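Take a look at the structure set out below.
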Amino acid sequence: MKTMRINLLMGILLFLPLTLVAQKGKKKKEESKRETTAPKPVAPVVPDTPVDEVPLDKTGKGIIIEFKPPYKYMLVLAENDEEGRYSHVFMTDSTLFPKRRVSYSKGIRRKVKPQDLLTPSSFRAGMEISFHFDHYQRTLRNIAKEFYLDDDYFGKAKVSGILEFRDGNRAIIDGQEVRMDPKAEVKGQDEWKNKTFNSFNQMQLGAELTVTGRRDTSGVIFVKSGTMRPVEISKDDLLMRRAINKALFMNKDVLQIGKDMSYRFVTERNLFAYVNDVGQKLIPEYLKSLDPNHPDFINFKFYLVHDDSFNASAYPNGTVIVHTGLIKQLENEAQLAAILGHEIAHVTQRHHTKSYRTGKDWQALADFGSTVTGYQTGSDVPAKLIQAAKDMYHSSYNREQETQADRIGLQYMFMAGYDPRQAAKVWSKLARDEKEAGESPEEAAALQYVMNASETGEQRHDNSQRASDLAATGYALRSQNYAMLAFRNVAAKKGESVYSSHPRSLDRFNHVNFLLSTAFAYTDFNTLETNEPDFKKVQTQLKKIVVQPAAGVKTPDKPGDKKKNSKTPGKKPANNRGKTFVKPQ
């Protein structure tokens, strides 16, 4: 009996798990069956009502004209947008500002990590951007999806140039601000081969540095590593300076270049001194501190000549010529400093030698520069050298050199205490004041609007109400759309109408704004000067001077001038002096 009970109990224990497993399987099968037989959800009924417009998926590039808190609206000068369709862009809560272009899958934006996003405040007036947006064709609304900064604003960077300013771990190289990371090292080359530098204060001003690192959206490059080598004036530079010294003939009244190109000096002492004083402030300290007899010393001299064209020019020996027409058309001393700083940069960066050394006439210039005797300054000068001097007077630089001179000149004027925003105004003035352009009053007003909106990197009033109004109506500002169109019309007319070798005024204006929106973005401009009152006094005095042609001085022929028939009865030969309009080189 006892054995029977034990066997029965064991049977129950063995059967129980099998029963539980069977019940679990049955339950799972029933649940699966319920899922397969569950009724499908019914799609909501969407009324088939007409839509006003379907957004177009667009991408574009352009320059920020206006963007400020609360960062809900951006005015953009977009490329290839003649009608101004994409000028007015609105932000939503889903608008992103990623560091790199984001990808989409079946129309859905992939997730972007927070560390890969920039803040809206990183985007400032004057910056070049790419943007992805929905464009509503009928109402001209543009709703931004993403904004991207150009790669030049951040990421890996490499800079080569002369170390011109330094302050501990901060320096200016090639007109750009660089800072040493805590563990950065700069290794010496050539005669400094076995030296290592950890601070800019340990380095020699005037040396050539090549540094690599990363650039952030402030425009500052944080140095990881680099090299430095000593720089001395080359034989070619010395020959070029000697040749130009012989090619330029000057007395107290006249600047003579060859036999057919002459300019009268402004002899009023206070006017001459004023221009020279402004120029001397801009020369970098590492050059001014050299002994005048030092071979690397450049004896900068600034001369004011009577000519109504808007022009200035520089020579490799430090001679800088300023036309009275330039003074008459500028607005303040800071603008004069912007142009003089640009001309000084051409000399300090030795652009003349770099331009001519590869030319077919270089050997003639070098041979003449090496001749100590045998020629009297201003006479018996070879024709090739005279032509080179004339070319330097008008234009002898490529676009890369012009851009570098703009960048470095901006630092020269800033270090001298001038407001660098005035440099942008110079180029905007060139873009709108050239008389031959013949723009209508409406075009001029439109151009003025766009320039005023961007040239200083400032916004004149909060635009939150404007954004709200535009969003409510669904329409962009028609007047500003016309402004964009007119801006392009004027810019196209200006184009290359002065020098084919110079960048367009608009290009230079944009480049200066790029610098203002990065390297100078956080500058306190209230501490900087324009010195307008002093400049206006000089300007007023200059305009009162009546210039009489000097005996024996021939007015230079200008490109495109037609020779008048001086033998026509009852008519005197026309004096075309002062009729040209030439960009500063």
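Because the structure is a prediction, the values reported are computed rather than measured.
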**OP:** For Glu402 and His342, run side-chain hydrogen bond (donor to acceptor under 3.5 Å, both in side chains): C-alpha distance rounded to whole Å, both residues' side-chain angles, the deciding distance at 0.1 Å, then the answer.
**Re:** CA-CA 8 Å; Glu402 290 288 358; His342 176 95; 3.0 Å; yes
**OP:** Test Leu304 against every option in Thr267, Ile327, Val538 by the side-chain contact (heavy atoms from CB on, under 4.5 Å) rule and name the one that passes.
**Re:** Ile327
**OP:** Apply the side-chain hydrogen bond (donor to acceptor under 3.5 Å, both in side chains) test between Asn332 and each candidate in Lys425, Glu532, Gln422; give the one that qualifies.
**Re:** Gln422
Original post:
Are the side chain of Gln280 and the backbone N or O of Phe300 linked by a donor-acceptor pair below 3.5 Å?
Top reply: yes
**OP:** Could you tell me whether the side chain of Asp419 and the main chain of Leu528 form a donor-acceptor pair under 3.5 Å?
**Re:** no
**OP:** Can you see which heavy atom on Ala314 is nearest to which on Val347, and at what distance?
**Re:** CB-CG2, 3.9 Å
Original post:
Can you check whether Asp253's main-chain N or O pairs, donor with acceptor, with Asn251's side chain at less than 3.5 Å?
Top reply: yes
Original post:
Quick check: does any side chain N or O of His323 sit under 3.5 Å from a backbone N or O of Gly325, one acting as donor and the other as acceptor?
Top reply: no
Original post:
With side chains defined as the heavy atoms from C-beta onward, is the minimum distance between Gln349 and Gln404 less than 4.5 Å?
Top reply: yes
Original post:
With a 4.5 Å heavy-atom cut-off, do Tyr418 and Leu336 have their side chains touching?
Top reply: no
Subject >> Qualifying residue, where the test is side-chain hydrogen bond (donor to acceptor under 3.5 Å, both in side chains) with Tyr274 and the options are Lys537, Gln541, Glu333 >> reply: Glu333
Subject >> Thr324 side-chain N/O to Asp307 backbone N/O, donor-acceptor pair under 3.5 Å >> reply: yes
Original post:
Going by heavy atoms in the side chains, are Val231 and Arg350 under 4.5 Å from each other?
Top reply: yes
Original post:
Are any of the side-chain heavy atoms of Tyr263 and Met250 separated by less than 4.5 Å?
Top reply: no
Original post:
Ignoring hydrogens and geometry, is there a side-chain-to-backbone donor-acceptor pair from Asn201 to Gly168 under 3.5 Å?
Top reply: yes
Original post:
Looking only at heavy atoms, which two atoms of Leu516 and Ala424 are closest? And how far apart?
Top reply: CD1-CB, 3.9 Å
Subject >> Validation row: Phe200, Phe165 side chains within 4.5 angstrom (heavy atoms) >> reply: no
Original post:
Within a strict 4.5 Å, meaning less than it, do heavy atoms of the Gln202 and Met228 side chains meet?
Top reply: no
Original post:
Is the shortest side-chain N to carboxylate O distance from Glu177 to Arg170 below 4.0 Å?
Top reply: yes
Subject >> 4.5 Å side-chain heavy-atom contact, Asn198 and Glu185 >> reply: yes
Original post:
Does the side chain of Leu255 come within less than 4.5 Å of Tyr303's, by heavy atoms?
Top reply: no
**OP:** Verify whether the ring centers belonging to Phe272 and Phe265 lie closer than 6.0 Å.
**Re:** no
